[in-house]
Every structure is written in C-alpha cells, then in structure tokens.
Number of protein chains: 2
Amino acid sequence: MDDETAPQKGTVTQRAIERIKAMIGEGRLEPGQRLPTERDLAAQLGMSRSSMREAIRALTVLGVLEARHGSGIYVTQLEAGDLLETFGVVADLSRGPRLVELLEIRRILESTATALAAARITADQLAEVERHLAAMNATDDPEEILAHDLAFHREIAVAAGNETMAAILEGLSSRTFRARVWRGYQEEGAFARTRREHAAIHRALAARDPEAARTAAAAHVGEVEEWLRTQLGP
Amino acid sequence: MDDETAPQKGTVTQRAIERIKAMIGEGRLEPGQRLPTERDLAAQLGMSRSSMREAIRALTVLGVLEARHGSGIYVTQLEAGDLLETFGVVADLSRGPRLVELLEIRRILESTATALAAARITADQLAEVERHLAAMNATDDPEEILAHDLAFHREIAVAAGNETMAAILEGLSSRTFRARVWRGYQEEGAFARTRREHAAIHRALAARDPEAARTAAAAHVGEVEEWLRTQLGP
DNA sequence: TGGCGCATAGTGGTCCGACCACATCGCGGA
DNA sequence: TCCGCGATGTGGTCGGACCACTATGCGCCA
C-alpha cells in the first residue's frame, strides 16, 4: 500500500533518497526520530538493503540522517549547522577565481552579520568575543591563533541572531579553506594588520555602532580578498 | 604502495570519501576526468565494491562525481552550480523561523548582486532580463510566472559576475521553496505589488544605478520576508 | 570501398546472503 | 539492591552473482 505508483524514474537508490526526503518534508519523520532498520526500510520500499544503504549514506553526508552503529538511524535536528556542513566541501574543492568569489560572499555576509551583532550582542557574548580576541593576541602559535580567529567570528555571527548565516560563514571559514588562503597571507607579515582590524571590529561592537562594525568587517575580509586577487591576477 | 598509512579512523566508506576528495584537492584528479572502475578503485583502496559504491554515491549527491551507467565515473566540472545543488535541500527541509533566516540571507545577497549587476550588466543581458519581465506580465499561469520570475533573478545574479553567488541564490529560490512560500503570499493579491517591484528593479538596472538597484531588490525580498514573519509571529 | 548494424566486452546498477563490530537491554548472581 | 555478562538487534563490511546500459569494433551488405 505504499509503492504502487512506481514511476521508474531514475535509479532505485535515487528514488529511495527522494522518498525519505519527502517523508521528512511532509512531517512524517520528525527531527531526532529513529527510522526503521535498514532491512525494514528496504523491504517497505521494495528494494535491496544495498540500495537502501546507499540512499542512507547519501542522506547522511547531506546532514539529514545520522547512523549510529549498533543503535539505529536517526533524523538529525535538521538545524542549519547539520545541513550546511557540506558547504565546507565547496570551499575545500574551490580554487583560483572561485576562491575570490567565496571571499566576496563572505565579505558581504560577514559585514552584515557584524553590523547586526553590533545592535544585538549581549554582554555575555561580547565578553566571549573579548576572550577570543585576547587569546589570539597572547600567543604565537598559528594553529591557536586560527582557532580563536574562527571562534571570534563565529561568536559574532551567532550574536547576529541568524543561525543559518552563522552556519554558512562557518563553512566559508572551514579549516582547510582558511589554511590554504591564510598561510600565504600571514607569511607576508599581516599579523599586525589582522590584529588592528580585529580590534576595530571589537571596538565597533562594544560601541554598539552597526555602521562602523559593517565597515570594519568588510575591510577585514576585503584585505584578504584583495591580496588573493593580486595573487591570481598577473 | 598506496594504503599503508591506514589510520583506521571512522568507517571504511568514510575513509574512501576522504581519499577521493583528497585526490581531487591535490589535483590528482582533474575536472571532467574519468575515474578507474568501481572494482578497480575498491581494490586500490583495499575495500569491497559495496563500500566503494557508497562512497561514490555520497560524492555523487554532493555534486563532486557523476556516474554514467555503462560508461564510467567522472569528476564533474566542479563549478559552483555542481557543488551547490545540495543547497536546495536546505531550503526544502527548512521551515518556520529558518525560512525567515533564509529569506534574510537572500535579501542580503540578492540586493548586493542586483547592485553589482546595475554596474556591470551588458546590453544583451539586460535585454534578456526584459524578456523575462515581459513574459511574466503577459500570462496568468502561476507556473509560468514562477519560471520567468526565477529566470529574471538568475539573469541578474549572473550579470553580477559572481557565479558562486548566483548558484547560492538559485538554491535559495528552488522550486519547492518558492512554491511553499510564494503560494500563500501571492494568494493575498500581491501580484500587482510584485510587478511594481520587478519594474523598479529593471528601471534601476537600465539606469545603471547600483544604489537604486540595491534598494529595490532589498525591498522586493523584504516584502516577502516581512509577510512570512507575520505569518509565523502570533 | 564505404557505411551500417549487430555481437560483444566492459561499465555502473541491483540484489542476495553471510559475517563482523558495536550498542542496548535484561537476566542472573553476588 | 546493584553489578556484570551474555543474548539480541542494529549498522558496517564483504564477496559474488546477475542485470541494464554503453561503447567499441568487426564483419556484412550496398
């Protein structure tokens, strides 16, 4: 009573992916809910366990499902972070001109997010931002700097109140992406400039000045963007 | 001579995914290139064909690989459109407050893209925009209107010169997403307003006025955003 | 001689059955 | 009462078989 309308479109696995996505879209599967076993699911949709496993794997990498060995398959919370994890793949596999495009997008979103954060950030969140700022200036270990740099911007994005935007920015700042771009940038002695820019962003946040925050954030990303552009240009 | 560093981390399939991604990242696999057969790949990485197939399926849905039945497996062109196709999944599975967040992101990106387009659009591209605008106003079929609406904005995004941004906006305007949101919006007699807003956007493009274009686009998306916000609010 | 069509080999797609690794729960003993 | 260990069920892996489709090239026909 469930598969009679077999449209035969595409591969069996592809159909299974669509079916499961549809079940979630229609609300028949709630976030966090456990699915039937692979064997049962395969039987219900009239296909082999192998094909069903491929479908499940596909939805797993998309951040829609989560498979726990020995326990079962569960729908994720379907939050922005879950679904946009794959965004990092784009950043990782991009190069050349597309890296500049990604930085351009980050500049647009980051400047807006920082402006919003200036208007909405709480005292606690601001304290957290300051903590990462201080930690960043207190060490010379590039790895640690990078980690706090990431956390610094993530805290701001969260304070902007748009989790989806924060997740996208997170993807645009994936470790491998930043490592690839930042390495060359920082080697040119840009540490001092980066610290100055971070300080300017923090100042604007503390002053609750959205326009200053927007400008500072745009300049911060724009610096790297311009540097990368010249690297690729001639 | 190729798998001795087996770190045993995670599942076999997961390792295969990382390996293939790494091969592409390191340039050992070029866009458009054909991969070895599933059987060979599995043998090279010392795993079963089943596990390798899951890895390939995963990379296929991510838009990194493309499998052609009877022919072979190929690396995609790795262009923004290929990799960001999965962005539509986010839009499809989101609901409630996250829909507003997505529209907010679209407003930010779309307004910037429209402003850039105003400065860069060519005569041919502008003519194409006008064609879709006219077609949109010449019919009452909601499906056709939606199609030309999509094409209208896509043409503008392309004219902005950032393919990655165009691909993201494409995902944020996926058919099912717009159908879900637009339906209710248009039922409230918003057709006239939408036409007015589209006309304003076109006017700003024709006048090569980036600021007017930014404002018009932001207002256009913002209208829907506000409507959706009130729908969810009380 | 030239082109067409079919046989064939090779590829991804699907299915099956078996076994392994891990998580969970319940029963029995201390 | 509580702890521990084994039974059970789950996802993870494997190997092989067969199907569906493509591409290639050979041989036949015009």
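Sequence lines set the chain letters: A, B, ... in the order given, protein chains first and strands last, and positions in each chain run from 1.
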- Item | Under 3.5 Å donor-acceptor, B:Arg120 side chain and B:Ala159 backbone | no
- D:dT13, C:dT14, C:dG13: which one has an atom nearest the side-chain heavy atoms of A:Arg57? D:dT13
- Task: Report the distance from atom CE of B:Met47 to atom C1' of C:dC20, rounded to the nearest whole Å.
- Result: 17 Å
- Residue-phosphate contact under 4.0 Å: B:Ser51 side-chain N/O, D:dC14 OP1/OP2: yes
- Which is it for A:Arg57 and B:Thr11 under the side chain to side chain contact (heavy atoms under 4.5 Å, CB included) test, yes or no, and what are the steps along the way? CA-CA 12 Å; A:Arg57 172 72 63 176; B:Thr11 70; 3.9 Å; yes
- Query: OP1, OP2 of C:dT14 versus side-chain N and O of A:Arg53: anything below 4.0 Å?
  - Reply: no
- Query: Toward the 5' end of DNA chain C, which comes first, B:Ile56 or A:Ser50, by nearest nucleotide?
  - Reply: B:Ile56
- Within this structure, what is the CG-to-C1' distance between B:Leu59 and C:dG12, rounded to whole angstrom? 16 Å
- Sugar-phosphate or base contact per nucleotide [nucleotides 19-26 of chain D; S, B, -; heavy atom under 4.0 Å]: -BBS----
- Item | Length of the line joining A:Leu41:CG and D:dT10:C1', which is rounded to integer Å | 13 Å
- Query: Should A:Phe87 and B:Thr86 be marked as a side chain to side chain contact (heavy atoms under 4.5 Å, CB included) after you check the CA-CA gap, both sets of side-chain angles, and the distance that decides it?
  - Reply: CA-CA 9 Å; A:Phe87 207 88; B:Thr86 69; over 6 Å; no
- Item | Nucleotide C:dT14, atom C1' - distance to CE of A:Met52 in whole Å | 13 Å
- When B:Arg49 and B:Glu54 are each assigned the nearest nucleotide of DNA chain D, the 5'-most assignment goes to B:Glu54
- Taken to the nearest whole Å, CG/B:Leu65 to P/C:dT11 is 17 Å
- Task: Write down the distance between CD (B:Gln14) and C1' (D:dG11), rounded to a whole number of angstrom.
- Result: 14 Å
- Message: Classify A:Ile73 by what it touches in the nucleic acid, base, sugar-phosphate, or nothing, heavy-atom distance under 4.0 Å.
- Response: sugar-phosphate
- Separation of D:dC14 atom C1' from A:Glu38 atom CD, nearest Å, is 14 Å
- Message: By the 4.0 Å heavy-atom rule, please label B:Thr37 as base, sugar-phosphate, or nothing.
- Response: sugar-phosphate
- Using atom types as modelled and distance alone, determine if a side-chain donor or acceptor of A:Arg15 lies under 3.5 Å from a backbone N or O of A:Leu45. no
- Item | B:Asp82 backbone acceptor or donor facing B:Gln77 side chain under 3.5 Å | no
- For A:Glu66 and D:dT10, give me the distance from atom CD to atom C1', rounded to whole Å. 15 Å
- Message: Out of the candidates B:Leu116, B:Thr164, B:Thr112, only one should pair with A:Glu104 under the side chain to side chain contact (heavy atoms under 4.5 Å, CB included) rule; please name it.
- Response: B:Leu116
- Message: Looking only at the aromatic ring of each residue, does the gap between the centers of A:His153 and A:His220 stay below 6.0 angstrom?
- Response: yes
